Amino acid sequence: MLVAVARKGCRLSEPRIPPRPSADWDAEVLDALAAMRPPGSTRRPAEPRRERPASNILGIFSWHPALAKAFFAFNSHLFHSTLSARDREMVTVRVSWLRRGEYEWAQHVRMAKTAGMSDGEVDAISAGPGSPVWGPRDAALLRSVDEIVADRYVSDDTWKRLAEHLDREQLMDLVFTVGAYDLLAMAFNNFGLELDPGLTGFPPEDGS
């Protein structure tokens, strides 16, 4: 029931916070975007700053550079954490599906395929841990997402199954990754974040 309620969500008739035009991005915004560099990376002083393509998600963050810089530094860790790219993208797509975070879902479906997931596996993420596609490890990962989204807690049984495959740092990164993308879905649904041109959103509902 909780998962069904989470997936229902709501769609705003128009954005509450529209993206800030990239032509209006000042030095403070560009400095905040630099926090998306991988941890430990540096930019040589003489190296010109590469322009990032404009996107609605960066356009929203650009209204609040201090928040953007702090969050991007945290998110950069998650994107280069102890989890494999496949694990990270699988749980992110599941969170986005459950929380109706359409922008993140559209972005991370593409990333999941780049990380090696087949079309069939990506489709099965929406079906959840009960899909016959998944082995015990993947099913436990997806079940942990469902439990965190529904109850904010991973059950002892699921944790035990996860611990058979993930070490302590990976377990910590898993929980923070689920929480981070749950937060993003909530925030962007409240702001009314719209898809960038060319992104494909959720498939049509089946009438349920």
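Quick caveat: nothing in here was measured; it's all calculated off a predicted structure. Atom set for the values below is all heavy atoms of this structure, side chains included, hydrogens, waters and symmetry mates excluded.
- Counting heavy atoms from C-beta on, the side chains of Leu33 and Phe61 never come closer than 4.5 Å.
- In summary, Arg143 and Asp138 do not engage in a salt bridge, as defined by a charged side-chain N under 4.0 Å from a carboxylate O.
- Not one N or O on the side chain of Asp196 forms a donor-acceptor pair closer than 3.5 Å with the backbone of Leu199.
- Looking at Ser96, its side chain does come within 3.5 Å of a backbone N or O of Thr92 through a donor-acceptor pair.
- A heavy-atom distance below 4.5 Å is found between the side chains of Lys113 and Val122.
- Using a 4.0 Å cut-off between a side-chain N of Lys or Arg and a carboxylate O of Asp or Glu, Arg152 and Asp182 qualify as a salt bridge.
- By the 30° and 60° cut-offs, the orientation of the rings of Trp97 relative to Trp105 is tilted.
- Proximity of Phe188 to Leu183: side-chain heavy atoms (C-beta onward) are nowhere separated by under 4.5 Å.
- Annotation for Ala32 and Ala68: closest pair CB-CB, 4.1 Å, computed over non-hydrogen atoms.
- Between Phe176 and His77, the ring center distance fails the sub-6.0 Å criterion.
- Two residues are said to be in side-chain contact when any heavy atoms from C-beta on lie closer than 4.5 Å; Leu184 and Phe71 meet this criterion.
- The shortest non-hydrogen separation linking Gly101 to Ala185 is CA-CB, 3.9 Å.
- Counting heavy atoms from C-beta on, the side chains of Tyr153 and Thr158 never come closer than 4.5 Å.
- With contacts defined as side-chain heavy-atom distances shorter than 4.5 Å, the pair Asp156/Lys160 does not qualify.
- Distance alone, capped at 3.5 Å, places no donor-acceptor pair between the Asn56 side chain and the Pro19 backbone.
- In terms of modelled atom types and a separation under 3.5 Å, the side chain of Arg94 and the main chain of Met90 share no donor-acceptor contact.
- When atom types are taken as modelled, the side chain of Ser131 and the backbone of Ala127 share no donor-acceptor pair closer than 3.5 angstrom.
- Across Ala115 and Glu89, no two heavy atoms sit closer than the pair CB-CG, 4.4 Å.
- Gln170 has its side chain out of reach of Asp87: every pair of non-hydrogen atoms, C-beta onward, lies at least 4.5 Å apart.
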Let me see the working for Trp134 and Leu141 under side-chain contact (heavy atoms from CB on, under 4.5 Å), right down to the final yes or no. CA-CA 10 Å; Trp134 309 119; Leu141 283 167; over 6 Å; no
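- Under the 3.5 Å distance criterion, the side-chain polar atoms of Arg16 are matched with a main-chain donor or acceptor of Asn190.
- Between the side chain of Arg88 and the backbone N or O of Phe79 there is at least one donor-acceptor pair closer than 3.5 Å.
- Proximity of a side-chain donor or acceptor of Arg20 to a complementary backbone N or O of Ser62 within less than 3.5 Å is detected.
- Using a distance-only test at 3.5 Å, with no hydrogens or angles considered, a donor-acceptor pair links the side chain of Arg99 to the main chain of Val149.
- Judged by distance alone, with hydrogens and angles left aside, the side-chain atoms of Glu147 form no donor-acceptor pair with the main-chain N or O of Ser144 at under 3.5 Å.
- Glu164 CD: more than 12 foreign heavy atoms inside a 6.0 Å radius.
- Considering only heavy atoms from C-beta on, Glu104 comes within 4.5 Å of Ile57 through its side chain.
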